[in-house]
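First the structure, in the form of structure tokens, and then the observations on it.
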Amino acid sequence: MSYQRPTRLLNRDFLLLWQGQFVSMLGSQAFSVAMIFWIKRQTDSASLLGLGMLSQWVPAILLGPFGGTLADRMSRRAILILADLVRGVAAIALAALVLLEPGRSGTILLWLLILSAIMGVGDAFFRPAISASIPDLVPEEEVTRANSANRLALDVSTFLGQGSGGVLFRVVGPGLLFLIDGVTYLFSALAEAFVRLPPPPAVPKTAGWREAGADYWRELKAGLRYVATRRGLRYILFLAPLESFFMITIVVLLPFFIEDFLHVKPDWYGFLIAAFGAGSFLGSITAGATNITGRRRALSYLACALGVGPLAVAFGFVRSPWPAMGLLFAAGLMIGFNTIHSLSLADRKSTRLNSSH
């Protein structure tokens, strides 16, 4: 498929990528709800639930730099398709086990942890590839709005998937939710197969695997060195894993908080996460619609980052799901706003790095 530089934001290739990702993320939200409440119901162990979340998030964090370097050297479209195919097949295999052998809790738990790790590894390569693809699919002046639209897919899928996930878990059970997750990944892979992206940089035919490996490590170190020498970019990218670590704690404890502390149905897990997604959606839209730069952007970013901490502390003292919903909405608003600006800044820095090579 030939590639031509796009001249408008809402073009064929960007929309194909966007809708495929939206559908797959919708399924992944259903998977998250099913995994969390299946582990809680079967084991009532926060430790195992935390292990399930860590098995997904740790590979995504540790392998992220490798995924980013690979996205600069290989076909990004192939990376996207392969990551979705592997995750889709793995999720369908888990669904078959849950539906056909529901009594084998130990085996299901083991495969669930393996699947979580597979999801994390897939994310480590999928997310850098899709982030690197967006600037190639839209005009340069539309990158911030494209990132906002991409974040919109995540926020709306969170709102819909998590909002309905708690209800669906109670009505249809975890097996069908795992199956839905697998099917959505396969749908996303099909959509990505029709996306036109620029070819990867040519590698000399005489280069062997040792030379290719050396080039790979050289580019990885150059990218990390570039980030390390830019103070603002360094703070944004190296603090992201720390933010993810604390988010894991909230996600792990939230089901216990809902059922054992607030004494409400699992449906409220979806409602609370949906409130966070709605806030993040509004923050993303606001970031995409406003054009703030320089010191004003730095102050806005800092205000939102500092504002999340007090909201998290206040969340531990609520006694009703309604104020908890309001606090999560406000936190999502601030995080969504910051995410768009940090992604746009990282894209610009990445473009400068690539152009300097």
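Atom set for the values below is all heavy atoms of this structure, side chains included, hydrogens, waters and symmetry mates excluded.
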- Query: Are the side chain of Arg87 and the backbone of Leu85 linked by a donor-acceptor contact shorter than 3.5 Å?
  - Reply: no
Say whether [X] and [Y] are linked into one hydrophobic cluster, either directly or through other cluster members, by side-chain heavy-atom distances under 4.5 angstrom.
X: Leu262; Y: Trp322; result: yes
X: Phe329; Y: Val318; result: no
X: Phe276; Y: Leu333; result: no
X: Ile273; Y: Leu282; result: no
X: Met35; Y: Val171; result: yes

- Message: Under the criterion side-chain contact (heavy atoms from CB on, under 4.5 Å), I'd like the reasoning laid out for Leu137 against Val195: C-alpha separation, chi angles, the key distance, then a yes or no.
- Response: CA-CA 9 Å; Leu137 295 178; Val195 175; 4.3 Å; yes
Within the structure provided, determine whether [X] and [Y] are in side-chain contact (heavy-atom separation under 4.5 Å).
X: Ser188; Y: Val23; result: no
X: Gln21; Y: Leu80; result: no
X: Ile335; Y: Val308; result: yes
X: Leu186; Y: Asp84; result: no
X: Ser28; Y: Met119; result: no
X: Phe178; Y: Leu112; result: yes
X: Val86; Y: Val121; result: no
X: Arg76; Y: Asp136; result: yes

- Using the ring of each side chain (for Trp, its six-membered ring), is Tyr269 parallel, tilted or perpendicular to Phe37, with breaks at 30° and 60°?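 Tyr269 and Phe37: perpendicular rings.
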- With under 30° as parallel and over 60° as perpendicular, where do the rings of Trp268 and Phe271 fit, or are they tilted in between?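 The arrangement is perpendicular - the two ring planes meet at more than 60°.
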- How about Phe257 and Phe315: are their ring centroids closer than 6.0 Å? yes
How close do [X] and [Y] get, counting heavy atoms only, and between which atoms?
X: Ile108; Y: Pro102; result: CD1-O, 4.0 Å
X: Asp181; Y: Ser24; result: OD1-O, 4.4 Å
X: Trp38; Y: Ser105; result: CH2-O, 3.5 Å
X: Ala193; Y: Arg77; result: O-NH1, 2.7 Å
X: Gly182; Y: Ile92; result: CA-CG1, 3.8 Å
X: Leu17; Y: Ser133; result: CD2-CB, 4.4 Å

- Task: May I have the step-by-step check of side-chain contact (heavy atoms from CB on, under 4.5 Å) for Arg8 and Phe14, ending in yes or no?
- Result: CA-CA 10 Å; Arg8 56 193 177 92; Phe14 178 71; over 6 Å; no
- Which of Leu82, Ile81, Ile130, Leu197 passes side-chain contact (heavy atoms from CB on, under 4.5 Å) with Glu192? Answer is Ile81
What's the separation between atom [atom1] in [X] and atom [atom2] in [Y], rounded to the nearest 0.5 Å?
X: Tyr185; Y: Phe126; atom1: OH; atom2: CZ; result: 8.0 Å
X: Ile79; Y: Leu70; atom1: CD1; atom2: CG; result: 4.5 Å
X: Phe256; Y: Asp44; atom1: CZ; atom2: CG; result: 5.5 Å
X: Leu190; Y: Leu16; atom1: CG; atom2: CG; result: 9.5 Å
X: Leu99; Y: Leu176; atom1: CG; atom2: CG; result: 5.5 Å
X: Thr43; Y: Leu49; atom1: OG1; atom2: CG; result: 7.5 Å

- Report the residues that fulfil side chain to side chain donor-acceptor pair (under 3.5 Å) with Glu259, sequence neighbours left out, ordered by chain and then residue number. Lys40, Arg41
- Go through the steps for Met334 and Leu311 under the test side-chain contact (heavy atoms from CB on, under 4.5 Å), then give the verdict. CA-CA 11 Å; Met334 296 178 185; Leu311 293 175; 4.1 Å; yes
- CA sep, side-chain torsions, deciding dist, call: Val98, Trp111, side-chain contact (heavy atoms from CB on, under 4.5 Å): CA-CA 10 Å; Val98 174; Trp111 182 243; over 6 Å; no
